[in-house]
There are 2 protein chains.
Amino acid sequence: MGRPSRKAAAAIEPAAKPTEVTGQSAGEIRAFRRSLPMALLKAREAVMARFRPLLHEHDLTEQQWRVLRALTTADEFRAGELARVSSISMPSLSRILRTLEKRGLIQRGIEDKDLRAAQISITPSGRDMIALIAPHSERRYAEITAAFGADRLATLYGLLDELADCLGGPDGGDGDEE
Amino acid sequence: MGRPSRKAAAAIEPAAKPTEVTGQSAGEIRAFRRSLPMALLKAREAVMARFRPLLHEHDLTEQQWRVLRALTTADEFRAGELARVSSISMPSLSRILRTLEKRGLIQRGIEDKDLRAAQISITPSGRDMIALIAPHSERRYAEITAAFGADRLATLYGLLDELADCLGGPDGGDGDEE
DNA sequence: CCGATTTATATAACATGTTAAATATTAACC
DNA sequence: GGTTAATATTTAACATGTTATATAAATCGG
């Protein structure tokens, strides 16, 4: 309830120019807009907004789609591999595989040599699903490329890869660095 | 179980070079590695891996931190504003605010002129939390900037902003485009 | 061969993302 | 002025992210 209404102080944060990166005033906290995670998130949101409706039409989530797509790049996967390749955590992948198996889009087996290891593969039905969606997905990609420019897109890919590489090593990686 | 082991077909997907962006063979599906959402996700993961442990030490999630940070940029927020500024969906924000209020890090009131609208503000306790964490957060930022290069980081920020802008308009925005 | 450690996967518990629907309040229109 | 549409927020239901732990099987050491 009764907080003193000092709304005048609301404009503390100056509107950061696009080129202004080190937007920090005196002893204050880093300008909120210049948060790298936020910038990456917003860009990702904007991109996914183009793809989500398409996947949703076929009752697929983004992650389920990633798993199916990954499964087309090799004949069989172990769960751990699949998690790494599709950038999905093992707990999530475990649930996703259960769902996709129920829907008949993937198959699961067990390796002979290592009874712990799973053999995960896409089914013909799964391939049909991909064949159905992929062309539309490509169209969205083409739209994005046209809107943003192929050259800038290439630059962006490069920077993103380099950023992940550069942070993956020293400390940020999943390596056990007790 | 007994799936024919045609492992030879596993190499359909050519290993894309870093510079190769339009990695598409004949009628095949887009090279999985060249997925823009994936590239953005991996970069974000790499960055967040640097910050998450820090927040976790103080029992804060990334999103709770975003909300607190956003609340320092103005004296009061309505829930909708806060959701937009911190890039959190309203349903999530609703839960987050409940949690943060219980912990005494934020306060909630109601606007006189519009009884639907919330007046959300950070508490002194919330500011203390930020003051405690912010210096460490800044150090991580400095590390990332040093590792990646301030110039490339600036370029990346620019591209990410432009990508979000460019996709926000035509179709991808939240506008009801029935 | 047996116990301890590592590896591969799954579960549990809680927080958030996504979509849809509910609720409450305001604005609009006749 | 009262019904209807729009707005602000919440809740529900389900899927995923994050962390920790459990389970099972392989490996290592004695």
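Hydrogens, waters and symmetry mates play no part in the numbers below; they use all other heavy atoms, side chains included. Throughout, a chain's letter reflects where its sequence line sits, starting with A, and its residues are numbered from 1.
Salt bridge status for A:Arg44 with A:Glu62: present, with a side-chain N to carboxylate O gap under 4.0 Å. Between A:Glu111 and A:Arg116 there is no salt bridge, since no side-chain N of the basic residue sits under 4.0 Å from a carboxylate O of the acidic one.
Residue-level contact check: A:Glu62 touches neither bases nor backbone, having no heavy atom under 4.0 Å from any strand.
If you measure from atom CD1 of B:Ile110 to atom C1' of D:dT9, you get 10 Å, rounded to the nearest angstrom. The CG atom of A:Asp112 sits 14 Å away from the P atom of D:dA25 (whole-angstrom rounding). B:Glu57 has its CD atom 16 Å from the C1' atom of D:dT18, to the nearest Å. When rounded to the nearest whole Å, the span between CG of A:Leu55 and P of D:dT16 equals 12 Å. Atom pair B:Arg103:CZ and C:dA15:P shows a separation of 10 Å (rounding to whole Å applied). Rounded to an integer number of Å, the gap from CD of A:Glu111 to C1' of C:dT9 is 13 Å. Between the CD1 atom of B:Ile106 and the C1' atom of D:dT9 there is a distance of 14 Å, given to the nearest Å. The CG atom of B:Leu93 sits 10 Å away from the C1' atom of D:dT9 (whole-angstrom rounding).
Listed nucleotides: D:dT11, D:dG17, C:dT25. Nearest to the side chain of B:Leu115: C:dT25. Comparing C:dT9, C:dG17, D:dA15 by their nearest atom to the side chain of A:Met90 picks out C:dT9. Considering only the side chain of A:Asp114, D:dA25 comes nearest among D:dA25, C:dA20, D:dT10. Set against C:dT9, D:dT11, D:dG17, the side chain of A:Arg66 has D:dG17 as its closest nucleotide. The side chain of A:Ala117 lies closest to C:dA8, out of C:dA8, D:dT18, D:dA25.
More than 12 heavy atoms of other shown residues, nucleotides or ligands fall within 6.0 angstrom of atom CG in A:Asp151.
The line from CG of A:Leu97 to CG of A:Leu71 is 8.0 Å long, rounded to the nearest 0.5 Å.
Taking side-chain N and O atoms only, B:Gln63 has no distance below 4.0 Å to OP1 or OP2 of D:dG17. Between B:Ser92 and C:dT16 there is no side-chain polar atom (N or O) within less than 4.0 angstrom of OP1 or OP2. Remark: A:Arg108 is in phosphate contact with C:dA10, judged by side-chain N or O atoms under 4.0 Å from OP1 or OP2. Contact check, A:Thr61 against D:dT16: a side-chain N or O comes under 4.0 Å of OP1 or OP2.
Between B:Arg95 and B:Arg78, the residue whose closest nucleotide on DNA chain D is further toward the 5' end is B:Arg78. Sequence order on DNA chain C of the closest nucleotides to A:Met48 and A:Glu81 puts A:Glu81 first from the 5' end. Closest-nucleotide positions on DNA chain C for A:Ala79 and B:Ile96 were compared, and the one nearer the 5' end corresponds to A:Ala79.
Between the side chain of B:Arg66 and the backbone N or O of B:Ser86, at least one donor-acceptor pair lies under 3.5 Å.
Below the 3.5 angstrom threshold, one finds no donor paired with an acceptor across the side chain of A:Arg116 and the base of C:dT9.
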Full working for side-chain hydrogen bond (donor to acceptor under 3.5 Å, both in side chains) between A:Arg95 and A:Ser92 = CA-CA 5 Å; A:Arg95 291 173 298 209; A:Ser92 295; 3.2 Å; yes
